[in-house]
Undergrad: 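Questions regarding the structure given below will be posed in turn.
Residue numbers start from 1 in every chain, and the chains themselves are labelled A, B, ... in the order their sequence lines are given, proteins ahead of strands. Hydrogens, waters and symmetry mates play no part in the numbers below; they use all other heavy atoms, side chains included.
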Protein chains: 2
Amino acid sequence: MGGSREPSHKTGMNSPSSFDTGVLVRRLSSYSPLSDADVAALKRADRSPVSYSRQDDIIRPGDAPPLLFIESGWALRYLPMTDGDQQVVQVLLPGDIVDRAAFLPGARTITAVKCATDIRACALCPRAMHEAVSERPNVARALWLGVMLDENRLLEHVARLGRRSSAEALAHLLLELRHLHKRIGAMEGETLTVPLAQPDIGDLLGITPVHVSRTISSLRHAGLIEMDRPTLRFLDVKRMSLFCGFDPAYLEAGPGPA
Amino acid sequence: MGGSREPSHKTGMNSPSSFDTGVLVRRLSSYSPLSDADVAALKRADRSPVSYSRQDDIIRPGDAPPLLFIESGWALRYLPMTDGDQQVVQVLLPGDIVDRAAFLPGARTITAVKCATDIRACALCPRAMHEAVSERPNVARALWLGVMLDENRLLEHVARLGRRSSAEALAHLLLELRHLHKRIGAMEGETLTVPLAQPDIGDLLGITPVHVSRTISSLRHAGLIEMDRPTLRFLDVKRMSLFCGFDPAYLEAGPGPA
DNA sequence: CGGAACATTGATGGATATCAATCTGAGTGG
DNA sequence: CCACTCAGATTGATATCCATCAATGTTCCG
């Protein structure tokens, strides 16, 4: 209730701006190759970074959201329900844009975003971004591809909630997180750091915290994972993928081979 | 399995192009006011309409989807699951774009779209649309607002599946459809034509056809609706909205009042 | 050292799936 | 025009999954 809304402290960051946009540029160029001029246009949108603490709300429903992307840490985008429950709709990872409604001047968001860890985020100048989009086709294409990939993740999330058991849904979610981190070299072997608490996972999968515990336990007993917060280790990715019908195609950027 | 994939017959439509884009132009200008020049730019993208029959697949996973919007009829966008089940992720109504992945040259879709009714769809020239987007800010804004509103609908769909009982989820879905049709004057009083079969609704809500029947029955007994396919009548919108926590804010285009 | 959020486990209840039977209406071919 | 077939709709009986209630243990933080 009495949640803190303000950034805990503005970091008087002395790290050069080139590092601050690094995460976003890396992400976008993984979607579409960017020229030096493209990168320069993005840099022009760069603003000073802001820090948030675990459990802070970055935005709330009804806000005109700021144009922010995550630099480091995990955040959860969710819909608060009238009965106090929450339904998480997106896990925000470094490089993710907090809420794209920020691209529309005057638009309001219907979601809230809270920090699952301490967060460093980076603001972007809307005007400079609009310039970059309209004058730099590569940037526009990369951003649009990002929209499509996020939509794909959301669609698979719908399928998890609607058509999978809790064990399948959890396995599928974890494999998605694994795939995303593998791609950017953010895993040590088959070990991944997942800072989510079990109630967070419950809000993601639409189940109770108690049942999250039982579901993790069942995957553990099936020999698929080891999980000791915050460390997650995959023991048999192939069998796990088969178990829940995970196919990473929906996370891939490029046009198909055909 | 031997589903028909091809349009049943190309309509050698003699209706003027001005009518064919009517649905899309009306939709977009409800998002952002369009000047005559904006409308003219959209007309330049217009192609000949295509008809599909009920149960036809318009696209399938892995396709490079065509740039199409629905002119008349209802279609369902869904993810086919490995076990043969389907999870519907979007109800496509007149004015909806079938799959926005079509805006990205070479992109593949992960969804399928099948016709719930006979459909008239209208193709758009990608090049002309890109021109319209890059040269006409009103068009770009309207299209982007459409993206945001569709995302909002998808987010609420996630919340329906994750955090609502089947009766609440069904009530919420029906109220969403009611709201969308009210706005465009497509209802007679509180009566709406819903061409979906109960198995379709099951694929939407992630429940079995048998349970759809029981759920409809419970809303009927609660005095909330009458439903006799394809006719749906709302008996007590206020109580129904309260029952399922429906708030149409997520369907509204404009910036909030504040 | 005390408290609060998190995690685990057991017992029980409720919601939805599954299996099965029947009924209706619409399209189809004779 | 009628018989047939099939998809859809309804209802009942039973099984499964997950929620709820409750107790306990644990970790972390003030």
Undergrad: Just how far, in rounded Å, is C1' of C/dT8 from CD1 of A/Ile216?
TA: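 After rounding, the gap between these two atoms is 11 Å.
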
Undergrad: To the nearest Å, give me how far apart CZ (B/Arg160) and C1' (C/dT16) are.
TA: 19 Å

Undergrad: Hey, is the main chain of B/Ile59 close enough, under 3.5 Å, to the side chain of B/Asp57 for a donor-acceptor pair?
TA: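 Between the backbone of B/Ile59 and the side chain of B/Asp57 there is no qualifying donor-acceptor contact (under 3.5 Å).
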
Undergrad: Could you check how far CG of B/Leu170 sits from C1' of D/dA9, rounded to whole Å?
TA: 15 Å

Undergrad: Looking at the side chain of B/Pro199, which of D/dT11, D/dT20, D/dG8 is the nearest nucleotide?
TA: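 The answer is D/dG8, which lies nearest to the side chain.
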
Undergrad: Can you measure A/Asp83 atom CG to D/dA19 atom P for me and round it to whole angstrom units?
TA: 13 Å

Undergrad: Pick out which of A/Leu92, A/Asp96, A/Val91 makes a side-chain contact (heavy atoms from CB on, under 4.5 Å) with A/Trp74.
TA: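 By the side-chain contact (heavy atoms from CB on, under 4.5 Å) criterion, A/Trp74 pairs with just one of A/Leu92, A/Asp96, A/Val91: A/Val91.
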
Undergrad: Under 3.5 Å, is there a donor on one side chain and an acceptor on the other for A/Tyr78 and A/Gln90?
TA: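 Note: A/Tyr78 and A/Gln90 side chains miss the donor-acceptor criterion.
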
Undergrad: Nearest to the side chain of A/Gln55, which nucleotide is it out of D/dA9, D/dG12, C/dC6?
TA: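 Given the options D/dA9, D/dG12, C/dC6, the side chain of A/Gln55 is closest to C/dC6.
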
Undergrad: Return the minimal non-hydrogen interatomic distance between A/Arg120 and A/Ser51, and the atom names on each side.
TA: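 Minimum heavy-atom separation between A/Arg120 and A/Ser51: CG-OG, 3.8 Å.
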
Undergrad: How would you label the contact of A/Val210 with the nucleic acid (heavy atoms, under 4.0 Å): base, sugar-phosphate, or nothing?
TA: base

Undergrad: Determine whether a donor-acceptor pair (one donor, one acceptor, N or O, separation below 3.5 Å) exists between the side chain of B/Arg229 and the base of C/dG25.
TA: no

Undergrad: Figure out the CD1/P separation between B/Ile207 and D/dT10, and round it to whole Å.
TA: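 Nearest whole value for this atom pair: 13 Å.
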
Undergrad: Count the heavy atoms belonging to other residues, nucleotides or ligands that lie under 6.0 Å from CG of A/Asp228, then report whether that count exceeds 12.
TA: no

Undergrad: Please classify the nucleic acid contact of B/Gly206 as base, sugar-phosphate, or nothing, using heavy-atom distances under 4.0 Å.
TA: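 Sugar-phosphate, no base atom in range.
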
Undergrad: To the nearest Å, give me how far apart CG (B/Asp118) and P (C/dG27) are.
TA: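 After rounding, the reported distance stands at 11 Å.
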
Undergrad: Name the closest nucleotide to the A/Thr208 side chain, picking from C/dT9, D/dT11, D/dA19.
TA: D/dA19

Undergrad: Checking contacts here: which listed nucleotide (C/dT18, C/dG10, D/dG8) is nearest the side-chain heavy atoms of A/Arg214?
TA: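 From the listed options, C/dG10 comes nearest.
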
Undergrad: So, is B/Arg220 near the phosphate of D/dT10, with a side-chain N or O under 4.0 Å from OP1 or OP2?
TA: yes

Undergrad: Tell me: NE2 of A/His211 to P of C/dA7, nearest whole Å?
TA: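 The answer, rounded to whole Å, is 16 Å.
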
Undergrad: Between A/Gln198 (CD) and D/dT26 (P), how many Å, whole number?
TA: 16 Å

Undergrad: I want to confirm an ordering. Mapping B/Arg164 and A/Met227 to their closest nucleotides on DNA chain C, which one lands closer to the 5' end?
TA: A/Met227

